[in-house]
Amino acid sequence: MNRDWIATARTLSEALPYLQRYAGAVVVVKFGGNAMGDEDAMAEFARDIVLMRQVGVNPVVVHGGGPMINDLLNKLGIKSEFVRGKRVTDKATVEVVEMVLSGLVNKRIVQAINDQGGRAVGISGKDDDLMVCEADDPELGFVGRPVEMNVQILRDLFGAGMIPVVAPVATGQNENETFNVNGDTAAGAIAGALKADRLLLLTDVSGVKDESGSVVTQLSPQEVRDLTEKGVIAGGMIPKTETALAALEDGVRAVVILDGRVPNACLLELFTDHGAGSIIRS
Ligand code: X2W
């Protein structure tokens with residue numbers, strides 16, 4: 001018999017304890033704009049999500065789309081800048097953010113999942129008041145910090161066999177307010193409110209690195225704080241590790257920061273002995 005088939009059957013057999021462990025689990029997957037890649041990579045990501053659902057996991061996809069927002073802002077001639085990893089968002093910008101995230105990016109992911117035989121439903125933080133925000137910092141304009149989460153809509157969608165795909169756009173506490181929420185922040189708040197078993201932050205780096213530049217496969221919250229104090233965790237990694245620590249405090253069991261460009265990154269993490277990226281847990 002062909003060796004490849006024997007290896008495939010063995011891989012499936014070895015996955016059994018993981019499949020049993022994650023049956024019924026809630027897994028929140030943050031899919032960043034930089035991790036999205038081309039159509040093939042999108043189809044592969046979608047396939048992993050559909051497989052998760054097929055084996056009894058309840059996945060929620062929370063997406064970003066920073067590069068896609070930049071593209072449309074450039075075409076419209078609207079200038080944009082980031083302060084501490086967050087986009088300064090005026091009235092014109094928040095309209096573009098909502099169009100791109102709730103429209104283009106959200107529906108692209110929904111379609112990719114449905115093309116693989118899943119039943120994805122695209123929503124934003126506005127739907128059923130899933131995520132209600134207040135202004136994060138006056139300097140940032142319409143950037144939201146989640147203050148109230150209503151995750152029943154996600155549980156209803158799980159119960160109906162659906163896969164929720166959430167754009168990080170939220171409503172405010174006053175009428176007619178729209179907030180732009182950092183995708184990692186939104187994924188952390190949703191994972192926390194659901195007390196998820198796993199929060200997977202898919203990005204374009206291989207994980208949290210130590211002083212020598214090698215990826216640390218397991219870290220405690222204290223180790224994260226120490227590496228941050230030493231300046232080893234810096235730049236774009238800071239919002240991710242901050243999200244991770246906040247989510248753990250809210251009751252998420254573990255957070256994994258991993259490279260979404262690695263083929264089948266989610267499956268590698270959940271269903272193999274190997275794991276992927278850096279896992280942070282108490
Ligand atoms: C982000 C929302 C999208 C996002 C933005 O405007 O770019 C803020 O910065 P990635 O692809 O995950 O970076 N919001 C407040 O987070 O996209």
Side-chain angles (χ1 to χ4, degrees), residues 28-38 41-42 45 60-76 78-109 112 122-126 130-147 165-172 177-191 199-205 207 235-244 246-247 255-261 265-266 277:
V28 176
V29 183
K30 157 71 197 313
F31 193 32
N34 289 319
M36 277 173 208
D38 59 13
M42 176 65 84
F45 167 79
V60 182
V61 177
V62 181
H63 61 84
M68 297 78 181
I69 297 169
N70 291 340
D71 283 349
L72 187 56
L73 287 173
N74 284 338
K75 281 185 194 152
L76 295 171
I78 301 172
K79 292 216 159 42
S80 193
E81 56 163 352
F82 284 81
V83 171
R84 291 180 296 281
K86 291 176 184 166
R87 187 187 306 275
V88 179
T89 305
D90 63 10
K91 188 91 180 93
T93 304
V94 82
E95 287 185 357
V96 174
V97 167
E98 185 165 32
M99 279 188 241
V100 172
L101 294 181
S102 282
L104 214 61
V105 180
N106 187 275
K107 297 311 162 200
R108 187 175 164 220
I109 298 168
I123 61 174
S124 80
K126 285 188 174 180
L130 167 61
M131 185 164 60
V132 182
C133 285
E134 62 183 24
D136 189 22
D137 177 342
E139 205 188 333
L140 298 174
F142 297 104
V143 169
R145 174 158 40 93
V147 286
V165 177
V166 185
V169 173
T171 202
E177 274 178 333
T178 299
F179 284 109
N180 174 14
V181 187
N182 172 275
D184 294 326
T185 308
I190 289 169
L199 166 61
L200 307 183
L201 296 173
L202 297 187
T203 181
D204 58 352
V205 294
M237 189 52 79
I238 290 182
K240 296 193 189 300
T241 49
E242 277 179 355
T243 296
V255 182
V256 188
I257 298 174
L258 67 168
D259 190 346
R261 299 164 310 170
C266 295

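All values derive from a computational prediction rather than experimental measurement. When reading the values below, keep in mind they use all heavy atoms of this one structure, side chains included, and skip hydrogens, waters and symmetry mates. Note that ligands are numbered from 1 as they come in the structure, with each ligand's atoms numbered from 1 the same way.
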Practice prompt. Step by step, work out the side chain to side chain contact (heavy atoms under 4.5 Å, CB included) result for V205 and M237.
Written response: CA-CA 9 Å; V205 294; M237 189 52 79; 3.6 Å; yes
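A search for salt bridge (Lys or Arg N to Asp or Glu O under 4.0 Å) contacts involving E95 returns nothing, not counting sequence neighbours. V132 meets the side chain to side chain contact (heavy atoms under 4.5 Å, CB included) test with D129, E148, N150, T171, Q173; sequence neighbours excluded. Among residues two or more places apart in sequence or in another chain, the salt bridge (Lys or Arg N to Asp or Glu O under 4.0 Å) test is passed with D204 by none.
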Show me the short polar-atom pairs for ligand 1: any N or O of it lying under 3.5 Å from a protein N or O, with distances only.
unit_1	atom_1	unit_2	atom_2	d
ligand 1	6 (O)	R87	NE	2.7
ligand 1	6 (O)	N180	ND2	2.9
ligand 1	7 (O)	R87	NE	3.4
ligand 1	7 (O)	R87	NH2	2.9
ligand 1	9 (O)	R87	N	2.9
ligand 1	11 (O)	G33	N	2.7
ligand 1	11 (O)	G65	N	2.9
ligand 1	11 (O)	G66	N	3.0
ligand 1	12 (O)	K30	NZ	2.8
ligand 1	14 (N)	N180	OD1	3.0
ligand 1	14 (N)	N180	ND2	3.4
ligand 1	16 (O)	G183	N	2.8
ligand 1	17 (O)	G65	N	3.0
ligand 1	17 (O)	G66	N	3.0

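Nearest heavy atom pair, residue M36 against residue H63, reads CE-CB, 4.1 Å.
By the 30° and 60° cut-offs, the orientation of the rings of F45 relative to F31 is parallel.
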